[in-house]
Amino acid sequence: MKGDAKQLIHFLGKNDRFEIPIYQRSYSWKPEQCAQLFHDLEMTIRNNKPSHFFGSLVSVAGKDNLLIIDGQQRITTVSLLLLALKNAIDDGSKAIDDPQKESTKLYKRYLVDEYSDDACKLKLRHIPGDAETFEALFSGDMSNRQSGIVRNYLFFHSAILDSSLSAEEIIEAVSRLLVIDISIDKEDNPQLIFESINSTGVDLCEGDKI
């Protein structure tokens with residue numbers, strides 16, 4: 001096992017595709033947590049902080065993807081923020097120099113694997129249920145309003161439009177999110193590590209484990 005401090009956006013920009021193992025629980029961040037994150041991003045720029053610590057990510061290399069053992073909530077949330085920002089740039093509601101270039105960079109560097117042969121090219125692959133809702137967002141389908149994925153996407157889109165930060169400043173703020181990237185050995189059991197990490201928080205119910 002080894003860990004390195006790095007910018008989250010560099011982690012997302014890796015060529016790997018990220019997969020949430022089926023034993024993980026569903027996406028559960030609420031708008032209040034997203035509001036705190038967005039506030040932290042705004043304060044990072046306004047106070048000119050060089051970085052903002054955003055927790056740790058635990059992953060293991062799978063056959064074709066990087067399995068996210070811990071950190072799916074943070075990765076999903078930042079992906080929703082980046083998608084909301086991309087769409088705000090695309091529809092002209094958030095101005096930026098060279099919008100086509102910046103929108104394309106957000107999309108191709110952090111959100112999709114354009115060279116994948118799969119029908120779904122999204123970098124982040126969720127568990128069933130969340131996966132369908134997450135994928136639908138990329139085609140503009142926000143019909144599943146009961147999903148936290150849709151609610152938090154809509155929160156970020158609104159927050160971006162209301163913020164006094166420019167699109168460039170929001171991108172810069174996200175680039176200052178710092179994580180500890182922990183890679184575990186292939187010989188370790190990812191599910192046991194996941195259960196061990198979560199044993200000090202809210203207990204996993206049997207449904208989560210199944």
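Heads up: numbering here begins at 1 and tracks the sequence.
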Exercise for review: Would you give the length of the straight line joining atom NZ of K121 to atom OH of Y107, rounded to the nearest 0.5 angstrom?
Suggested key: 9.5 Å
**Study point:** Contact summary for D97 and E168, nearest pair of heavy atoms
**Key:** N-OE2, 3.1 Å
Check your understanding: Between atom CD1 of I68 and atom CD of E19, what is the distance when rounded to the nearest 0.5 Å?
Key -> 9.5 Å
Exercise for review: For residues V179 and S56, determine if any side-chain heavy atom of one lies less than 4.5 Å from a side-chain heavy atom of the other.
Suggested key: no
Review point. Going only through I, L, V, M, F, W and Y residues with side-chain contacts under 4.5 Å, is there a path from L122 to L67?
Key: no
Exercise for review: Can you measure from CG (D70) to CG (L57) and round to the nearest 0.5 angstrom?
Suggested key: 8.0 Å
Check your understanding: Does a side-chain heavy-atom distance below 4.5 Å link L111 with S79?
Key -> yes
Check your understanding: Does I75 belong to the same Ile/Leu/Val/Met/Phe/Trp/Tyr cluster as L85, with side-chain heavy atoms less than 4.5 Å apart forming each link?
Key -> yes
Exercise for review: Answer yes when R17 and D118 have at least one side-chain N-carboxylate O distance shorter than 4.0 Å, and no when they do not.
Suggested key: yes
Practice item. Classify the angle between the aromatic ring planes of H126 and Y27 as parallel (below 30°), tilted (30 to 60°) or perpendicular (above 60°). Key: perpendicular
Review point. Under a 4.5 Å cut-off applied to non-hydrogen side-chain atoms, are I170 and K94 in contact?
Key: yes
Revision key, fill the gap. Closest heavy-atom pair, P21 versus I127, reported as atoms and distance to 0.1 Å, is O-CG2, 3.2 Å
Practice item. Nearest 0.5 Å please: distance from the CG atom of L165 over to the CG atom of L41. Key: 8.5 Å
Exercise for review: Kindly determine whether V78 and Y110 satisfy side chain to side chain contact (heavy atoms under 4.5 Å, CB included), including the steps that lead there.
Suggested key: CA-CA 10 Å; V78 171; Y110 307 119; over 6 Å; no
Review point. Are K6 and D181 close enough for a salt bridge, meaning some N to O gap below 4.0 Å?
Key: yes
Check your understanding: Within a strict 4.5 Å, meaning less than it, do heavy atoms of the L8 and V174 side chains meet?
Key -> no
Check your understanding: Atom CG in D4, atom NE2 in H10: separation rounded to 0.5 Å?
Key -> 14.0 Å
Check your understanding: Under a 4.5 Å cut-off applied to non-hydrogen side-chain atoms, are L106 and L83 in contact?
Key -> no
Point to revise | Close side-chain approach of L12 to F18, heavy-atom, < 4.5 Å | key: yes
Exercise for review: Of all the heavy-atom pairs spanning S28 and Q73, show the shortest one and how long it is.
Suggested key: N-OE1, 2.9 Å
Check your understanding: Can you tell if the side chain of Q100 reaches within under 4.5 Å of the side chain of T104, non-hydrogen atoms only?
Key -> yes
Exercise for review: For the pair I45 and R176, evaluate side chain to side chain contact (heavy atoms under 4.5 Å, CB included) and give the outcome as yes or no after the intermediate values.
Suggested key: CA-CA 9 Å; I45 295 300; R176 296 184 191 184; 4.0 Å; yes
Review point. Atom CG of L177 and atom CZ of R74: how far apart are they, to the nearest 0.5 Å?
Key: 11.0 Å
Point to revise | For I69 against Q24, the heavy-atom pair lying closest together | key: O-NE2, 2.9 Å
Practice item. Answer yes or no: are there more than 12 heavy-atom neighbours, outside K14 itself, under 6.0 Å from its atom NZ? Key: yes
Check your understanding: Going only through I, L, V, M, F, W and Y residues with side-chain contacts under 4.5 Å, is there a path from V58 to V60?
Key -> yes
**Study point:** Closest contact, heavy atoms only, S164 versus E169
**Key:** O-OE1, 4.3 Å
Check your understanding: Are any side-chain N or O atoms of S158 and backbone N or O atoms of L154, one a donor and one an acceptor, separated by less than 3.5 Å?
Key -> no
**Study point:** Derivation and outcome, salt bridge (Lys or Arg N to Asp or Glu O under 4.0 Å), residues E114 and K108
**Key:** CA-CA 7 Å; E114 63 177 324; K108 292 187 176 181; 3.5 Å; yes
Check your understanding: Taking it one step at a time, do F155 and L80 satisfy side chain to side chain contact (heavy atoms under 4.5 Å, CB included)?
Key -> CA-CA 10 Å; F155 166 81; L80 293 174; over 6 Å; no
Review point. Between the main-chain N or O of Q146 and the side-chain N or O of R151, is there a donor-acceptor pair closer than 3.5 Å?
Key: yes
Point to revise | Non-neighbouring partners of K105 that pass side chain to side chain contact (heavy atoms under 4.5 Å, CB included), sequence neighbours left out | key: E102, R109
Review point. Quick one: does F54's side chain get under 4.5 Å of L37's, heavy atoms only?
Key: yes
Review point. Would F53 and M43 show up in the same hydrophobic cluster when neighbours are defined by side-chain heavy atoms closer than 4.5 Å?
Key: no
**Study point:** I160-I9 co-clustered via ILVMFWY side chain contacts under 4.5 Å
**Key:** yes
Review point. Passes side chain to side chain contact (heavy atoms under 4.5 Å, CB included), L81 versus F38? Steps please.
Key: CA-CA 9 Å; L81 169 58; F38 200 80; 4.1 Å; yes
Exercise for review: Of all the heavy-atom pairs spanning S103 and I89, show the shortest one and how long it is.
Suggested key: CB-CG2, 4.2 Å
In a table with atom names and distances, give each donor-acceptor pair under 3.5 Å that connects a side chain of residues 134-142 to protein atoms at least two apart or in another chain.
{"residue": "S139", "atom": "OG", "partner": "A136", "partner atom": "O", "Å": "2.9"}
{"residue": "D141", "atom": "OD1", "partner": "S143", "partner atom": "N", "Å": "3.0"}
{"residue": "D141", "atom": "OD1", "partner": "S143", "partner atom": "OG", "Å": "2.7"}

